Protein chains: 2
Amino acid sequence: MEKDKTRPESTLDLRVWIRLLDCAKMIEKRLRRNFEDQFGTTLPRFDIMATLDRAREGMRMGELSRALLVSNGNVTAIVRQLLDQGLVNSQPDPEDRRSAIVSLTPKGCDQFRVLAEAHHGWVREALADFSEENQQQLLALLTQLKSSIR
Amino acid sequence: MEKDKTRPESTLDLRVWIRLLDCAKMIEKRLRRNFEDQFGTTLPRFDIMATLDRAREGMRMGELSRALLVSNGNVTAIVRQLLDQGLVNSQPDPEDRRSAIVSLTPKGCDQFRVLAEAHHGWVREALADFSEENQQQLLALLTQLKSSIR
DNA sequence: GTCCATTCCTGCAAGCATAAAGTATTTTGC
DNA sequence: GCAAAATACTTTATGCTTGCAGGAATGGAC
């Protein structure tokens, strides 16, 4: 009924990619909606806070953009919002005046704890029907895939 | 050095989700850039054309937005661009005057052939270092994951 | 037939994302 | 020393995406 029978291998990579994208979009959409509905915030803001939480001594803007796989100008805009809300702190790098070092404020740290717990709960719930064994296999395959993408 | 040692299972789902998102973003970013650089078009426009290509008799706007997992207003804007370029056709549904039926024009069909071939080539190249056996396992797992997301 | 809820689509405002151009600073080459 | 290249970041223009408000058409309840 499909052309899979005639040349199944020729579309395997395409099907992998489409399914990967579908899964990511479905989960991401739910997370974004939950962040908006329950906390009035967004996934990108959470991503930045999560990255900063793992670097308590702070990070430079460029490090943030590379860690998050987003553009430089994008980080500028989102960090400014977090600054306005008093969730992060920005101070000039004493060793390089071009750079600013960004870090979570205590208030930002507290709020991140709450967000992170809710976020983990949403992910756990989304994957609840996907067995732990499957998750382990999937994680291993995705790790391999990530390092082989060129 | 990480807390993975104390409770590795408690973050498994989180790690699966983060890695899934990373892989999707890496590939999507390359595809978007290729579409822009080589054809001056975008991934969302291609997605709509690809969906319409599989429904030669046309689709309604709502069907498109559901198939693509995007919002209704979003489809409106992108379809209008394709209309302006003469790549798609829009005519009122004779059975329900609220609906418009959208389909590819011959010109849109021709252009899609070219885009689709290039797109497939990019995906194939991105996954070239990921073995066929791994791809099959990954596809199976993702298929299962997609149906178990709730 | 007449409301009324629902459905389908189209603006519209706000947020995220990119690329490219611009500013300031540091580093390099000489 | 100092001009040129490289780096860190911001700004700007453009495009995608969402949610919501609004208009038009449909379908029931009565």
Side-chain angles (χ1 to χ4, degrees), chain A residues 21 24-49 58-85 88 90-102, chain B residues 21-22 24-49 51 58-85 88 90-102:
Chain A
L21 189 58
K25 278 171 95 169
M26 287 170 70
I27 297 176
E28 187 178 5
K29 187 171 292 196
R30 289 187 28 160
L31 294 179
R32 173 169 38 210
R33 181 181 269 267
N34 285 339
F35 272 121
E36 177 63 36
D37 289 351
Q38 299 186 26
F39 296 102
T41 188
T42 65
L43 192 49
R45 292 203 261 264
F46 173 76
D47 285 340
I48 286 191
M49 294 179 76
M59 291 176 80
R60 291 181 303 170
M61 301 288 277
E63 294 179 297
L64 265 177
S65 82
R66 279 187 295 277
L68 294 172
L69 305 177
V70 299
S71 70
N72 233 333
N74 189 7
V75 174
T76 298
I78 300 180
V79 164
R80 184 174 38 233
Q81 298 175 350
L82 295 174
L83 273 170
D84 292 345
Q85 296 182 280
V88 304
S90 178
Q91 46 187 316
D93 183 342
E95 300 187 351
D96 187 339
R97 269 183 298 176
R98 291 171 302 181
S99 298
I101 294 186
V102 183
Chain B
L21 188 57
D22 271 356
K25 277 171 94 171
M26 288 170 67
I27 298 175
E28 187 177 5
K29 188 172 293 196
R30 289 186 29 160
L31 294 180
R32 173 170 37 208
R33 180 183 270 268
N34 286 339
F35 271 121
E36 177 62 36
D37 289 351
Q38 298 186 27
F39 296 102
T41 187
T42 65
L43 190 50
R45 292 203 262 262
F46 173 76
D47 284 341
I48 286 190
M49 293 177 77
T51 306
M59 291 176 80
R60 293 180 303 169
M61 302 288 277
E63 292 178 299
L64 264 177
S65 81
R66 278 187 295 276
L68 295 171
L69 305 177
V70 299
S71 70
N72 233 332
N74 190 6
V75 173
T76 298
I78 299 180
V79 163
R80 185 179 35 234
Q81 299 175 350
L82 296 175
L83 273 171
D84 291 345
Q85 295 181 280
V88 305
S90 178
Q91 48 186 317
D93 183 342
E95 299 189 351
D96 186 340
R97 269 183 296 175
R98 294 170 301 179
S99 299
I101 294 186
V102 183

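Sequence lines set the chain letters: A, B, ... in the order given, protein chains first and strands last, and positions in each chain run from 1. Small disclaimer: the values here were computed from a predicted structure and weren't measured.
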Novice: Specify the separation, in whole Å, of atom CG of Asp93(A) and atom C1' of dC9(D).
Specialist: 13 Å

Novice: On DNA chain C, nearest-nucleotide positions of Asn74(B) versus Ala100(B): which is more 5'?
Specialist: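 First, find each residue's nearest nucleotide; the 5'-ward one identifies Ala100(B).
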
Novice: Within the 4.0 Å heavy-atom criterion, would you say Leu69(A) contacts the bases, only the backbone, or no part of the nucleic acid?
Specialist: sugar-phosphate

Novice: Contact class for Glu36(B) vs. all strands (heavy atom < 4.0 Å): base, sugar-phosphate, or nothing?
Specialist: nothing

Novice: What is the distance, to the nearest angstrom, from the CD atom on Gln81(A) to the C1' atom on dA17(C)?
Specialist: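 Going from CD in Gln81(A) over to C1' in dA17(C) covers 13 Å.
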
Novice: Please tell me if Ser99(A) has a side-chain N or O lying less than 4.0 Å from either OP1 or OP2 of dC9(D).
Specialist: yes

Novice: So does Arg98(A) reach the base of dT7(D) with its side chain, donor to acceptor, closer than 3.5 Å?
Specialist: yes

Novice: How close or far is atom C1' of dT18(C) from atom CD of Glu28(B), stated in whole angstroms?
Specialist: 12 Å

Novice: Rounded off to whole Å, could you give me the CE-to-C1' distance for the Met61(B) and dT10(C) pair?
Specialist: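 Interatomic distance, CE of Met61(B) to C1' of dT10(C): 8 Å.
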
Novice: Do Ser90(A) and Leu83(A) come within less than 4.5 Å of each other through their side chains, counting heavy atoms only?
Specialist: yes

Novice: Pick base, sugar-phosphate or nothing for Arg66(B), based on heavy-atom distances below 4.0 Å to the nucleic acid.
Specialist: nothing

Novice: Taking Lys25(A) for its side chain and Leu68(B) for its backbone only, find out whether a donor-acceptor pair lies under 3.5 Å.
Specialist: yes

Novice: If you look at every strand shown and take non-hydrogen atoms under 4.0 Å, does Thr76(A) touch a base, only sugar-phosphate, or nothing?
Specialist: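 The residue Thr76(A) makes base contact.
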
Novice: Under a 4.5 Å cut-off applied to non-hydrogen side-chain atoms, are Leu82(A) and Met49(A) in contact?
Specialist: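 In short, these two side chains touch, coming nearer than 4.5 Å.
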
Novice: By nearest atom, which of the nucleotides dC9(C), dT18(C), dT17(D) is closest to the Ser71(A) side chain?
Specialist: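 Of dC9(C), dT18(C), dT17(D), dT18(C) is nearest to the side chain of Ser71(A).
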
Novice: What contact category does Gly62(A) fall into here, base, sugar-phosphate, or nothing, at under 4.0 angstrom with non-hydrogen atoms?
Specialist: sugar-phosphate

Novice: Taking 4.0 Å as the cut-off, does a side-chain nitrogen or oxygen of Arg97(A) come that near to OP1 or OP2 on dA8(D)?
Specialist: no

Novice: Starting from P on dT27(C), measure out to CG on Asp96(A) and report it in whole angstrom.
Specialist: 6 Å

Novice: Whole angstroms only, please: what is the CG-C1' distance between Asp47(B) and dG15(D)?
Specialist: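 Going from Asp47(B) (CG) to dG15(D) (C1'), I get 14 Å.
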
Novice: Of the options dT25(C), dC9(C), dT18(D), whose atoms approach the side-chain atoms of Asn72(B) most closely?
Specialist: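 Side chain of Asn72(B) sits closest to dC9(C).
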
Novice: I'd like to know if the side chain of Glu63(A) reaches the main chain of Arg60(A), judged simply by a donor and an acceptor atom lying under 3.5 Å from each other, with no hydrogens or angles considered.
Specialist: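 Judged by distance alone, yes, a pair lies under 3.5 Å.
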
Novice: With side chain to side chain contact (heavy atoms under 4.5 Å, CB included) as the test, pick out the partner of Val102(A) among Met61(A), Met59(A), Gln91(A).
Specialist: Met61(A)

Novice: Quick check: on DNA chain D, is the nucleotide nearest Ile101(A) upstream (toward 5') of the one nearest Pro94(B), or the reverse? Name the residue that is more 5'.
Specialist: Ile101(A)

Novice: Out of dA8(D), dT11(D), dT25(C), which has the shortest distance to the side chain of Arg80(A)?
Specialist: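 Selected nucleotide: dT11(D).
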
Novice: Any side-chain N or O of Arg33(A) less than 4.0 Å from the OP1 or OP2 oxygen of dG19(D)?
Specialist: yes

Novice: With respect to the phosphate group of dC16(D), does any side-chain polar atom (N or O) of Arg45(B) fall under 4.0 Å of OP1 or OP2?
Specialist: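 Looking at the OP1 and OP2 atoms of dC16(D), one of them is under 4.0 Å from a side-chain N or O of Arg45(B).
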
Novice: Rounded to the nearest angstrom, tell me the gap between atom NZ in Lys25(A) and atom P in dA17(C).
Specialist: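 Checked: the NZ to P distance equals 15 Å.
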
Novice: In whole angstrom, what separates Leu83(B)'s CG from dT10(C)'s C1'?
Specialist: 13 Å

Novice: When you compare the side chain of Ile27(A) with that of Leu31(A), does any pair of heavy atoms fall below 4.5 Å?
Specialist: yes

Novice: Can you tell me which nucleotide in dT26(C), dA17(C), dT10(D) comes closest to the side chain of Ile78(A)?
Specialist: dA17(C)

